[in-house]
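The chains referred to below are lettered A, B, ... by the order of the sequence lines, with proteins before strands, and numbering in each begins at 1.
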2 protein chains.
Amino acid sequence: MSKKQATIQDIARELKITASTVSRALNDHPKISKKTKDKVWKTAHELNYQPNTVASNLRKGKGNTVGMIVPRINRHFFSNVITGVESVLNPAGYNLIICQSEEKYQKEVENVETLISNRVSGILISLSIETLNTKHLQKIINSQIPLVMFDRTESKLNISQVVNDDEAGAYEMTCHLLEQGYRDIMWMGGPRTSSIYHNRYLGYKRALEEYKVPIEKMHCFEGPSTLVAALEYMRIFLKNNKLPDVVFATSDYMAMGTIQALQEAGLQVPKDVAVAGYSNEPFAALIDPKLTTIEQFSEEMGRATARLLLDQLLSETDEPVPRKIIIKPKLIIRETTRKRKKSNTFIKK
Amino acid sequence: MSKKQATIQDIARELKITASTVSRALNDHPKISKKTKDKVWKTAHELNYQPNTVASNLRKGKGNTVGMIVPRINRHFFSNVITGVESVLNPAGYNLIICQSEEKYQKEVENVETLISNRVSGILISLSIETLNTKHLQKIINSQIPLVMFDRTESKLNISQVVNDDEAGAYEMTCHLLEQGYRDIMWMGGPRTSSIYHNRYLGYKRALEEYKVPIEKMHCFEGPSTLVAALEYMRIFLKNNKLPDVVFATSDYMAMGTIQALQEAGLQVPKDVAVAGYSNEPFAALIDPKLTTIEQFSEEMGRATARLLLDQLLSETDEPVPRKIIIKPKLIIRETTRKRKKSNTFIKK
DNA sequence: GTGAAAGCGCTAACAG
DNA sequence: CTGTTAGCGCTTTCAC
């Protein structure tokens, strides 16, 4: 019963041939006769043989596993990127091992080390919000492991990356808000030490400047990009300040928290205060009123990221030219930023 | 430049000691002098040494990686389970490699084979909706790899598992609906070949029987557990049939689709037709009206699943007693099933 | 077309 | 405390 995993040797012994022949047969080597191949295949099956990838990888000095580090998988944005990545990596014969940094620098470093130790063929990473230095990325590079960054990146390192044009997205959104007649636009987002929020702030600023709206007068809130953080902040904010025309939350979760705080305070969206989000999380289209937001084409981002990695994996040159792919986001206008008119009660037909 | 990864040998050579000593030092073996340990540590650092886990695993005949197969990671239910699993596996020194079956039997089989080939220490699996036979699970067992199933399981195999009491959840929900005065309760769910939908149907049936409501008269829709499937089904249904009192969608996504179809048809929820869901996806509390649903304690399920695996991993006996853990779900009453005020709008058959 | 032999990087007896 | 030796399971020259 307690039979250990069958090895190539077991098959060889059974067939009275050598392990090398079995190995070649299993790998469909051209110089092995059809007859032996069939025999090998057959007994491999009988013995319930499963190739030992770890031995094979060790011997070959390479494997077919790619590591991917994301802050968390339970954000639709990231799970979509993952789907995109898999859709190009799997057909190319690679498996993905997914790690969550949980937005912690320390965990991210550990993930990197695990992946290097496991001698993955490549690494895809989106930086945690806490990540301010890139020693761990340098380790990856030193280890000669192909690396591609996506979404939250670090531009100082000369590494292939795929990003959204967050500056443009925020710019477009802010323009939309300005054109709707809103002037007092509150900005809200995650820490601007992270590339994405930094850029989303820049885009916001550029639009305001173009429209000659003094930016000094605007309120900004920078905090954890979560529903709860925005909710708690807004509860207090609403007690002590006059209402802005609109809150531009550069994260749908923060937009949600903002809406909840407004509603708690008996305010109507968008009649009293408008709200805009960022990311187009699935719930954005489901809530009432429906959330105006930015579509990021996350799955496409995943595909692009994976393709960049494949380029490096397949190219023979040791020093591939780092490439940067910028994905254009798209403004999705829904109900939460609808222009103020007279009545805005949402009555279904 | 093109320096390959440093090995234990490189450190040994540098220090003029043997590889075994280095190995022991690195692993903090008690019988190695503090002095050598420090030296080894130091040059390991200098040489940018990263242990080669694949070699180590091969040698030791075991590793510290656990494989987890889920239908998809972009369902909150599953990403929560994953979070729960990691919260107990990581502290115990295990890494998780996550695979998506994408609800496809074929993909699930491939995942299993990859994991076996990678000689993972254990496997956690929730069956795809397509999975009707368990040959691949048998392979895992034959390979002596500890296995725990969760959520969508197969009870014929005598394997440790963690499930929700779906029968009870559906029963409670149906009772709630009946007590609200609803009688014509339409059931909706994924294929009943899957354990969870099977049980959610049984619970529904049991409640109806207890309340002496003839089940033959009820409408049922069994289809892909997605928003779109429910939406499309309901669009047609609403044209050709009289309205049920309430739709019990045993998936929040299907509940969402149902609500959308109702609203498209100019109907109000819950005034004209009530709706109930299952799973308590985050959007359930965010939509308007808020969705009545069932909380499944997914993270707790993850923790329980991981604990069962750890038991097997740590136990010395080859044949551990399979255990089954049943998690009690909880009814969450919100707005979509609110009792009708006027009962004269009651359309009776 | 197949076999013999060596070795990927590491660990674990067994010595001393 | 440290060195010697062997080998995990597989691939890959180099022979024949």
Would you tabulate the side-chain donor-acceptor contacts of residues 302-310 of chain B under 3.5 Å, counting partners in other chains and residues two or more places apart, or write 'none'?
residue : atom : partner : partner atom : Å
B/R303  : NE   : B/E300  : OE1          : 3.2
B/R303  : NH2  : B/E300  : OE1          : 2.9
B/T305  : OG1  : B/M301  : O            : 2.6

Measure CG/A/L15 against C1'/C/dT2 and give the value in whole Å, please. 13 Å

Taken to the nearest whole Å, CG/B/L58 to P/C/dG9 is 12 Å

Check side chain to side chain contact (heavy atoms under 4.5 Å, CB included) between B/V40 and all other residues, then give those that pass, not counting sequence neighbours. B/I11, B/L15, B/I17, B/V22, B/A25, B/L26

Can you sort out which residues in residues 23-34 of chain A have a heavy atom within less than 4.0 Å of DNA chain D? Ascending by number, please. A/S23, A/R24, A/N27

If you measure from the Lys or Arg side-chain nitrogens to the Asp or Glu carboxylate oxygens, is any gap between A/D38 and A/K42 under 4.0 Å? no

So, does B/T21 get its side chain near the phosphate of D/dG3, meaning an N or O under 4.0 Å from OP1 or OP2? yes

What integer distance in Å separates A/Q9:CD from D/dG9:P? 8 Å

What is the distance, rounded to the nearest whole Å, between atom CG of B/N52 and atom C1' of D/dC8? 13 Å

Please table the atom pairs, donor to acceptor, closer than 3.5 Å between any side-chain atom in residues 66-77 of chain B and protein atoms at least two apart or in another chain.
residue : atom : partner : partner atom : Å
B/R75   : NH1  : B/S225  : O            : 3.3
B/R75   : NH2  : B/S225  : O            : 3.0
B/H76   : NE2  : A/N74   : O            : 3.3

For residues 137-154 of chain B, which residue pairs pass the salt bridge (Lys or Arg N to Asp or Glu O under 4.0 Å) check, not counting sequence neighbours? B/E103-B/R152, B/E113-B/K139

Would you say D/dG3 has OP1 or OP2 under 4.0 Å from some side-chain N or O of B/T18? yes

Between B/K60 and A/K60, which is nearer to the 5' end of DNA chain D once each is assigned its nearest nucleotide? B/K60

Atom CG of A/N57 and atom P of C/dG9 are separated, to the nearest Å, by 13 Å

Between A/T21 and A/T18, does any side-chain donor sit less than 3.5 Å from a side-chain acceptor? yes

Pairs in or reaching into residues 19-29 of chain A: which pass salt bridge (Lys or Arg N to Asp or Glu O under 4.0 Å), with residues at least two apart or in two chains? A/D28-A/K37

Between C/dG9 atom C1' and B/Q5 atom CD, what is the distance in whole Å? 12 Å

Looking at the side chain of A/T7, which of D/dG3, D/dG9, C/dG9 is the nearest nucleotide? D/dG9

Let's test your reading of the model: under 3.5 Å, does the base of D/dT4 pair with the side chain of B/S20 as donor and acceptor? yes

